[in-house]
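Here is how names work: the chains are called A, B, and so on, in the same order as the sequence lines, proteins then strands, and each is numbered from 1. Just so we're clear, the structure is a prediction, and the values are computed from it rather than from any experiment.
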Amino acid sequence: MASILHVIPTPQSPASPKTKTLGTLLRGLASCSTMSELKQFHAQIIKLGLSCDNDAMGRVIKFCATLESGDLNYALQVFDKLPNPDTFIYNTIIRGYLQSQLLKESVLFYSQMLECSVSPNNFTLPLVIRACCMDNAVEEGKQIHGHVIKFGFGFDKFSQNNLIHMYVNFHFLEEAKRVLDNMYEKDDVSWTTLISGFAQLGYLAEAFRVFDSISEKSSVCWNAMISAYVHNNQFHQAFALFERMMSEDVVIDKFIAASMLSACTRLGALKQGEWIVEQVEKSRIDLDSKLATTIIDMYCKCGCLDKALQFFKGLRRKGISSWNCMIGGLAMHGKGEAAIELLKEMESERVAPDYITFVNLLSACAHSGLIEEGKHYFHYMKEAYGIEPGMEHYGCLVDLLGRAGLLEEARNIVKEMPMNADVGVLGALLGACRIHKNIELGEIIGKQVIELEPQNSGRYVLLANLYAYAGRWEDVANIRKLMNDRGVKKAPGFSVVELEGVVSEFTAGGRTHPQAKEIYAKVNEMLDCIKSAGYVPDSDGLQQDIDEEERENPLYYHSEKLAIAFGLLKTKPGAVLRITKNLRVCKDCHQASKLISKVYDREIIVRDRNRFHHFKDGECSCKDYW
DNA sequence: CACTCCTTAT
């Protein structure tokens, strides 16, 4: 028995047993992934008598406060036990609040830190600046700017860059620029923050001035400026800048590829888009799921469903956004059944559909008139995946029912849905009233929609068209007057056609094209030809009706017809014409396009604001519902 | 022991 009381001598380890255990524990802590695991490590650290050790507790707090699987309240409990928490620990809690969107608490914790005489370091102020920025706390933000200087971080890049971000967010553009100008050493972050900030507020000239002032432009800077143009619909500027970039031998990376693809998509510039895809493949740019999605979207919106599908199927790993985008693409092209098939494929590959998947799927059902299927999936998403229908889903359902002529049912959905219908949902109902010429309901909804979005010209136009159908010319004139009084301008209509890689743009009645004379002659010839095939210009009431495209131009010269005429002039017989326009196809152009496809034996693919129209053999894929 | 900028889609 006595031997038990003897300490058996062991060889001396280089570190003391306690340190060694702590080291192992901290390593274990770094690798734990759940709160319950963490609590076990925490308990062991306490047993070692380290419950007040900043170094050890700092790690515990870091886990709880900043990781997805953490628990901010637990972090705060640990914090409260610490007699002298250090700067790192304060910073970590501030970051925890920030990540949880508890912005005021974040700033408050910083002042608590100062009250306890703990000095901020270079990590502290960027966090607090961000909190003020996200909270739109202008006064506090200015004070923190003072602290940056007072505590000696006037030359710290992170603080400065975050200040730029904050002032941009406050719309204090001069102040943002001043911070940049006073920076000792500006970097990509400083420049791109300011460029994209200016661009978001629409100040493109200012953004370009900043860009131009950069002596050594990195690809990040180039992309910031390119995407600034893209986001402001200045596609030609984006292309011009891209070309300049190429001529200066800057290498395309995945960011630039994505921005340029987005420009091609919005413009309908298929050839250019394909060229970018080629570059991506050639230069082995990392094809992440964002870039893959962008490429799929480009093919879909440029009218090449086949290529989109081919690319999609060839992807090794398909992210959820790629699936969603592909389903959305099928929806736009009126391929509802194929969209449903793709959902099933997704399920059989054990990819869980999400909120967006069902928005796109329901939109596919709506565009293809799949009423029963649409209703089914509206319930199915909740039953099978626990996804509560949101505003967009209700919008699709209303669209689906409304298009099918089930206006009462659609209206009941609007009344009974758990949230207040937004403009999107009401707009869908209004659209249905237009299709089915329900003046009574359309008038009520139209007025609501206009007041919800008084600057959106399309809403006025829709109601005015409805009045025009009813022959209520006085009301049409009143709408027009209302628009004038409020200074609402109709978006100028334009159509774009891409031929041999050259994108040509047409505006209604525009004569600036170098070959305008030939094009107009072709339009006249075209219209004569289809007249013999039964085309009757939709001129009833034209003098009074408000069209989406400018009224002062004769109907025949809508941008879409000019683009088609130009396409017929410039391509060989049988070639497919792809046209992209910014507004909805008007009734007359739709009818004309159908007949042109027959008489000239051409497939014409038109992308309008909402969807695609494939004109072939005198028919349209939208089955005249759009 | 750690922080900020440029990319897509609905």
**Student:** I'd like to know if A/Arg244 pairs up with A/Glu248 as an ion pair, taking the criterion as any Lys NZ or Arg NE/NH1/NH2 lying under 4.0 Å from an Asp or Glu carboxylate oxygen.
**Tutor:** yes
**Student:** Looking at A/Tyr167 versus A/His145, is the centre-to-centre ring distance below 6.0 Å?
**Tutor:** yes
**Student:** Can you check the A/Lys318 NZ to B/dT8 P distance for me, whole Å?
**Tutor:** 23 Å
**Student:** Below 4.5 Å, heavy atoms only, C-beta onward: do A/Pro389 and A/Met381 meet side chain to side chain?
**Tutor:** yes
**Student:** I'd like to know if the side chain of A/Asn161 pairs up with that of A/Ser190 as donor and acceptor (distance under 3.5 Å, no hydrogens or angles considered).
**Tutor:** yes
**Student:** Can you measure A/Met245 atom CE to B/dT7 atom C1' for me and round it to whole angstrom units?
**Tutor:** 13 Å
**Student:** Do the side chains of A/Glu175 and A/Arg178 get close enough for a salt bridge, i.e. N-O under 4.0 angstrom?
**Tutor:** yes
**Student:** Run the ring-centre check on A/Tyr90 versus A/Phe79 and record whether the distance is less than 6.0 Å.
**Tutor:** yes
**Student:** For the pair made of CE in A/Met260 and C1' in B/dT7, what is the distance, rounded to whole Å?
**Tutor:** 13 Å
**Student:** Indicate the ring-plane relationship of A/Tyr355 and A/His393, choosing parallel, tilted or perpendicular according to the 30° and 60° boundaries.
**Tutor:** perpendicular
**Student:** Under 4.0 Å between a side-chain nitrogen and a carboxylate oxygen: does that hold for A/Lys254 and A/Asp286?
**Tutor:** yes
**Student:** When you measure from every atom of DNA chain B, which of residues 290-310 of chain A have a heavy atom less than 4.0 Å away?
**Tutor:** A/Lys290, A/Thr293, A/Thr294, A/Asp297, A/Lys301
**Student:** Between protein and nucleotides 1-6 of chain B, map the contacts as a letter string: B base, S sugar-phosphate only, - none, heavy atoms under 4.0 Å, written 5' to 3'.
**Tutor:** BBBBBB
